[in-house]
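The block underneath contains the structure these notes are about, expressed in structure tokens.
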Amino acid sequence: MASTEAPAAATGAAETGAAETGAADWLCTPEAVRAQARALFERCAAGCSAHFTLQPERLNACAAEVVATIRANYPALDVPPHARWRHFVLGGRDRWAEQVAALSLSALERARIECELAIVSVLLDAGAGAAWHFRAANGETYARSEGLALASLEMFCTGAFGGGRIGTTAEALAGFTPRALAKGFQVTPANPLDGLEGRAALIASLGRTVAARPDIFGTPARLGHLADHLLAKGPALPAREILMTLLDALGPIWPGTPVLDGRALGDCWAHPDAPAPGLVPFHKLSQWLSYSLVEPLGRAGLTITDLDGLTGLAEYRNGGLFLDAGVLALRDPEAASQAHALDSPLIIEWRALTVILLDQIAERVRAQLGLSPEHLPLAAVLEGGTWATGRRLAAQRRPGGPPPLTIRSTGTVF
């Protein structure tokens with residue numbers, strides 16, 4: 001039977017961090033993501049996990065798979081960061097670049113518009129399910145992340161979030177409905193989208209939250225004023241400050257997640273083996289959004305530092321990589337044939353192990369490529385990288401390429 005005591009070192013680090021800043025505020029930092037995830041990782045490494053075993057001897061082989069993917073996709077090793085902008089490049093065309101080239105925008109206005117696009121598109125990116133697809137105007141069909149990206153881009157550019165104009169308004173966001181999302185994403189009984197209601201509710205909650213925070217979104221309220229708020233912190237800004245600003249500004253949008261000390265914690269979950277305060281944060285969408293804001297803010301003149309201060313993304317492609325590559329194994333193989341809730345201890349632990357393993361695989365990938373963290377930051381390892389390799393291995397092992405574990409999607413996390 002697995003012990004319920006976390007390793008002392010991990011517990012002590014977590015409790016110190018929480019005590020210094022307040023538990024709720026600490027859980028909304030990337031340091032807390034790593035600390036709480038490491039506590040569960042160390043339990044697994046010690047053989048105390050009820051759900052997984054760890055085979056660290058498989059890490060080098062797993063890194064070699066990632067290196068093969070990077071060399072195939074980026075032969076010059078010029079890997080960009082993992083960001084929403086990559087998914088707008090489809091069929092050899094950069095769909096957003098084509099749109100923005102037709103607009104006469106100042107550097108600041110472009111940053112505002114691109115912050116709006118990134119936020120809305122990322123929030124709509126939770127897993128689509130295996131049955132959904134999106135048909136573009138030219139007849140091309142896309143599924144999963146690429147389909148979600150293109151659908152959200154087309155809705156954004158045709159004014160679905162901006163009262164008929166490109167961009168967003170707080171009013172249009174607050175009034176967003178499942179019917180509008182179903183229309184824009186071409187949802188029918190024959191083309192179902194997982195988490196339709198949850199996604200639409202997230203966008204509507206975003207609009208209400210923007211209107212309620214003039215300190216960040218200005219008066220009149222506009223989502224794009226987030227760019228002004230962050231640029232004012234310049235000329236240089238650590239990447240973690242983007243994340244912490246997003247978690248402060250957008251915390252109230254997340255439904256059904258823990259509230260501690262009056263603060264909504266978002267993508268943060270209770271686990272029986274987690275150190276005090278018993279919660280494991282991931283902030284997956286918020287961290288991916290942080291990565292996605294680096295380029296727009298950079299074009300507007302803000303230097304983003306310490307990109308590796310953020311963590312790897314605890315989602316099913318990165319997590320699936322470690323199961324499919326044999327770094328992790330299920331104690332109960334039958335768990336692979338069951339659907340699991342987001343708040344189940346098995347899924348929370350899988351995500352925590354993924355965070356730590358991404359740091360470890362990044363070191364091995366850099367070593368095999370002979371590159372430094374400056375030349376290949378974690379965000380580039382994700383893009384080059386672990387996400388694409390997870391998808392490739394899934395396609396090799398299962399028809400249609402689903403992940404090795406099935407999660408019941410709410411449309412608000414993955």
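Quick caveat: nothing in here was measured; it's all calculated off a predicted structure.
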| query | Is the backbone of Arg263 close enough, under 3.5 Å, to the side chain of Asp261 for a donor and an acceptor to pair up by distance? | reply | no
| said: Please determine whether the number of non-hydrogen atoms from other residues, nucleotides or ligands lying under 6.0 Å from atom CZ of Arg398 exceeds 12. | reply: yes
| remark: Scanning both residues in full, the closest heavy-atom pair of Gly312 with Gln287 reads O-NE2, 4.4 Å
| message | Nearest 0.5 Å, please: how far is CG in Leu376 from CD in Glu363? | response | 12.5 Å
| task | Answer yes when Arg112 and Glu109 have at least one side-chain N-carboxylate O distance shorter than 4.0 Å, and no when they do not. | result | yes
| field | Main-chain N/O of Arg366 paired to His375 side chain as donor or acceptor, under 3.5 Å | value | no
| Under 3.5 Å, side chain of Ser49 to main-chain N/O of Ala45, donor-acceptor pair present? | no
| request: Mark yes or no for whether Asp308, through its side chain, and Pro377, through its backbone, hold a donor-acceptor pair below 3.5 Å. | output: no
| request: Tell me, with the steps shown, if Glu114 and Trp85 meet side chain to side chain donor-acceptor pair (under 3.5 Å). | output: CA-CA 10 Å; Glu114 290 184 335; Trp85 313 108; over 6 Å; no
| query | Is any side-chain heavy atom of Pro81 closer than 4.5 Å to a side-chain heavy atom of Val294? | reply | no
| task | Decide yes or no for Leu123 and Ile253: does some side-chain heavy atom of the first lie under 4.5 Å from some side-chain heavy atom of the second? | result | yes
| query | For the residue pair Pro277 and Leu27, what are the closest heavy atoms and their distance? | reply | CG-CD1, 3.7 Å
| query | So do the side chains of Leu196 and Leu181 get within less than 4.5 Å of each other, counting heavy atoms only? | reply | yes
| field | Pair Trp26-Thr29, side chain to side chain contact (heavy atoms under 4.5 Å, CB included): steps then yes or no | value | CA-CA 6 Å; Trp26 180 72; Thr29 67; 4.1 Å; yes
| Donor-acceptor pair, Glu383 side chain versus Gly385 backbone, under 3.5 Å? | no
| Side-chain donor/acceptor of Arg95 to backbone N/O of Glu154, under 3.5 Å | no
| request: Pick out which of Arg86, Arg84, Arg110 makes a salt bridge (Lys or Arg N to Asp or Glu O under 4.0 Å) with Glu295. | output: Arg86
| request: Taking all non-hydrogen atoms of both residues into account, name the closest pair between Leu405 and Ala335 and its distance. | output: CD2-O, 3.8 Å
| task | Could you check if a side-chain atom of Cys268 sits within less than 4.5 angstrom of a side-chain atom of Thr257, using non-hydrogen atoms only? | result | no
| task | Give a yes or no on whether the backbone of Gly139 and the side-chain of Arg135 come within a donor-acceptor separation of less than 3.5 Å. | result | yes
| message | Could you check whether any side-chain N or O of Thr209 sits under 3.5 Å from a backbone N or O of Ser205, counting only pairs where one atom can act as donor and the other as acceptor? | response | yes
| request: Find the distance between CG (Leu302) and CG (Leu293) and round it off to the nearest 0.5 Å. | output: 10.5 Å
| message | Nearest 0.5 Å, please: how far is CG in Leu323 from CZ in Phe52? | response | 6.0 Å
| remark: Minimal heavy-atom distance between Gly184 and Ala151, with the atoms involved, is O-CB, 4.3 Å
| Is a side-chain N or O of Arg34 found less than 3.5 angstrom from the main chain of Val355, in a donor-acceptor match? | no
| note | Heavy atoms of Leu40 and Ala274 approach each other most closely as CD2-N, 4.1 Å
| query | Parallel under 30°, tilted from 30 to 60°, perpendicular over 60°: which one fits the rings of Trp387 and His87? | reply | tilted
| query | When you check the gap from the basic side-chain N to the acidic O, do Asp359 and Arg38 get nearer than 4.0 Å? | reply | no
| Check: Glu116 and Arg222 side chains under 4.5 Å, non-hydrogen atoms | yes
| said: Run Leu202 and Trp254 through side chain to side chain contact (heavy atoms under 4.5 Å, CB included) and show every step you take. | reply: CA-CA 7 Å; Leu202 202 59; Trp254 304 105; 3.8 Å; yes
| field | Interatomic spacing from CG in Leu297 to CG in Leu237 - rounded to 0.5 Å | value | 8.0 Å
| message | Around atom CZ of Arg179, are there more than 12 heavy atoms from other residues, nucleotides or ligands closer than 6.0 Å? | response | no
| field | Within-4.5 Å side-chain heavy-atom neighbours: Phe185 and Asn191 | value | no
| task | Drop me the distance from Ser290's OG to Leu313's CG, to the nearest 0.5 angstrom. | result | 9.5 Å
| query | Where do Trp96 and Ile113 come nearest, in terms of heavy atoms and distance? | reply | CH2-CG2, 3.7 Å
| request: Verify the distance criterion only: is there a donor paired with an acceptor across the side chains of Gln55 and Thr53 at less than 3.5 Å? | output: yes
| Thr386 and Asn318: side-chain donor and acceptor closer than 3.5 Å? | yes
| query | Step by step, would you call Asp267 with Ser286 a side chain to side chain contact (heavy atoms under 4.5 Å, CB included)? | reply | CA-CA 9 Å; Asp267 185 11; Ser286 296; over 6 Å; no
| field | Gln368 side-chain N/O to Asn60 backbone N/O, donor-acceptor pair under 3.5 Å | value | yes
| task | Drop me the distance from Ile348's CD1 to Leu353's CG, to the nearest 0.5 angstrom. | result | 12.0 Å
| Any Phe161 side-chain heavy atom under 4.5 Å of Leu124 side chain | yes
| query | How about Leu358 and Thr311: do any of their side-chain heavy atoms sit closer than 4.5 Å? | reply | no
| Single hit among Ile216, Leu250, Leu231 for side chain to side chain contact (heavy atoms under 4.5 Å, CB included) with Leu226 | Ile216
| Intermediate values then yes/no, side chain to side chain contact (heavy atoms under 4.5 Å, CB included), Arg71 and Val67 | CA-CA 6 Å; Arg71 290 194 181 280; Val67 166; 3.8 Å; yes
